[in-house]
2 protein chains.
Amino acid sequence: MDARTKILETATRLFAMQGYDSTSLSQVAKDASVSKALIFWHFETKENLFQEVVTRTIAPYSLEVDLEGLSEPEQLKKLIDLYYEFVTQNLYSVRFFLSLFLREGARPDDLFGRILELHELYRKQLGEVIERGQERGTVARDVNPPAHAALIMSALNGILVQGFVWPTPTPSPDATLAQLKATLVDTIQVQ
Amino acid sequence: MDARTKILETATRLFAMQGYDSTSLSQVAKDASVSKALIFWHFETKENLFQEVVTRTIAPYSLEVDLEGLSEPEQLKKLIDLYYEFVTQNLYSVRFFLSLFLREGARPDDLFGRILELHELYRKQLGEVIERGQERGTVARDVNPPAHAALIMSALNGILVQGFVWPTPTPSPDATLAQLKATLVDTIQVQ
DNA sequence: GTCTATATACAGATAGAC
DNA sequence: GTCTATCTGTATATAGAC
């Protein structure tokens, strides 16, 4: 691996674990086994390095979902599982971005817009699936699609955050996820 | 106001907004209109100052709830509203503690245990109210009390976090809260 | 591209006058 | 209790050899 990549990977790990301010370039240099000067040669400033890290981290985020051949309630469950899976497979960076969001004067980058946009799209997709289910008769009519979609997203995000905050949440995130699907999907299903 | 209190209040504000690392004692001193040396005279170290800030912030947290004369579903709604109200009235410190939790190597203080304990108690209380409702016939029997309580807490926390992350969430937190009560309380009610 | 050595600024913390 | 002046370490960043 070339030095530039090594620096990027080390910085990504350290920024995610410790945050921007408490990660020094001396530490990055040491962990990446390069000199501090080399970091500046490649990235000019610490801020630039951070930007590249963020860009690289967010790049693979996407939402390609195949819902072919499933009933609407099944589609909802699949979307829920995929969201949960995505988050657990990207725990470090999700945690990283969440802590950035929480800081006042957070960097007003377009990159954050991208994350919010993805989240928005997911919520919309849930709402649309509910709506289509109502048209096709697989989902109860008395459900408000956008409101119900928002509640599902909130519950998902809540499960996620509790996983961050608690060492060993009680009950487990998996159990709460199952409860979510049982309560927020199965009950609106029309047999 | 005496200088010591002035320092504490200034530090509380700055730590909450910017975090521990990116808040310098020079800035605290300047904002509080005192010398840096005075901060050290009062608090010895930056870490000590931080500890005092945390202690002071968490002190008023409590859970005195009066549920007298309400049916179990009404009790659930009241608990939900109180949690939501508490959080919105303590947004700064909730945000502060959440961002502390998200940092690896987060300070393993007993104080954090206190927050987690409060959260745990709240979840338990929800579960107990559901259970009592089942015994008294006001709540459906096919509900799993602890699991349902955990889902409600997750949804509440999700709403909270979305409020932090989004500038103007769509739909509004209030709307999602209403949806929560309609979906997770009204539907388990027995008339 | 990569290094060592250095410049510069500012952090946390101390000394000592008042 | 509160200050000014200062110490010491470490941060970001630069200069210049190889």
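Just so you know, these numbers use all the heavy atoms, side chains as well, and skip hydrogens, waters and symmetry mates. Not measured: the values here are computed from a predicted model. Numbered from 1 within each chain, the chains take letters A, B, ... in sequence-line order.
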Can you tell me how far C1' of D:dG1 sits from CH2 of B:Trp41, to the nearest Å?
5 Å
Look at the rings of B:Phe96 and B:Phe15 and say which category their plane angle falls in: under 30° parallel, 30 to 60° tilted, over 60° perpendicular.
parallel
Could you give the angle between the helix axes at the two ends of the helix from C:dG1-D:dC18 to C:dC18-D:dG1, with five pairs per end, rounded to 10 degrees?
0°
Integer-rounded Å distance: D:dC3 P and B:His42 NE2
9 Å
Considering heavy-atom distances to DNA chain D, does B:Arg4 or A:Thr23 have its closest nucleotide positioned more toward the 5' end?
B:Arg4
D:dA11 phosphate, OP1 or OP2: any side-chain N/O from A:Ser26 under 4.0 angstrom?
yes
Can you tell me how far P of D:dT10 sits from CG of B:Asp21, to the nearest Å?
15 Å
Whole-Å distance between D:dA15 P and A:Leu38 CG?
17 Å
Find the distance B:Lys30:NZ to D:dT2:C1' and express it as a whole number of Å.
20 Å
Should A:Lys77 and A:Glu74 count as an ion pair when the cut-off is N to O under 4.0 Å?
no
Nucleotide-resolved protein contact map, nucleotides 13-18 of chain C, B/S/- at heavy-atom distance under 4.0 Å:
BBB---
Lys/Arg-Asp/Glu bridge criterion (N-O < 4.0 Å) met for A:Arg132, A:Glu135:
no
Give a yes/no on whether any side-chain N or O of B:Ser24 is located under 4.0 angstrom from OP1 or OP2 of C:dA11.
yes
Can you tell me how far C1' of C:dA11 sits from CD1 of B:Ile39, to the nearest Å?
13 Å
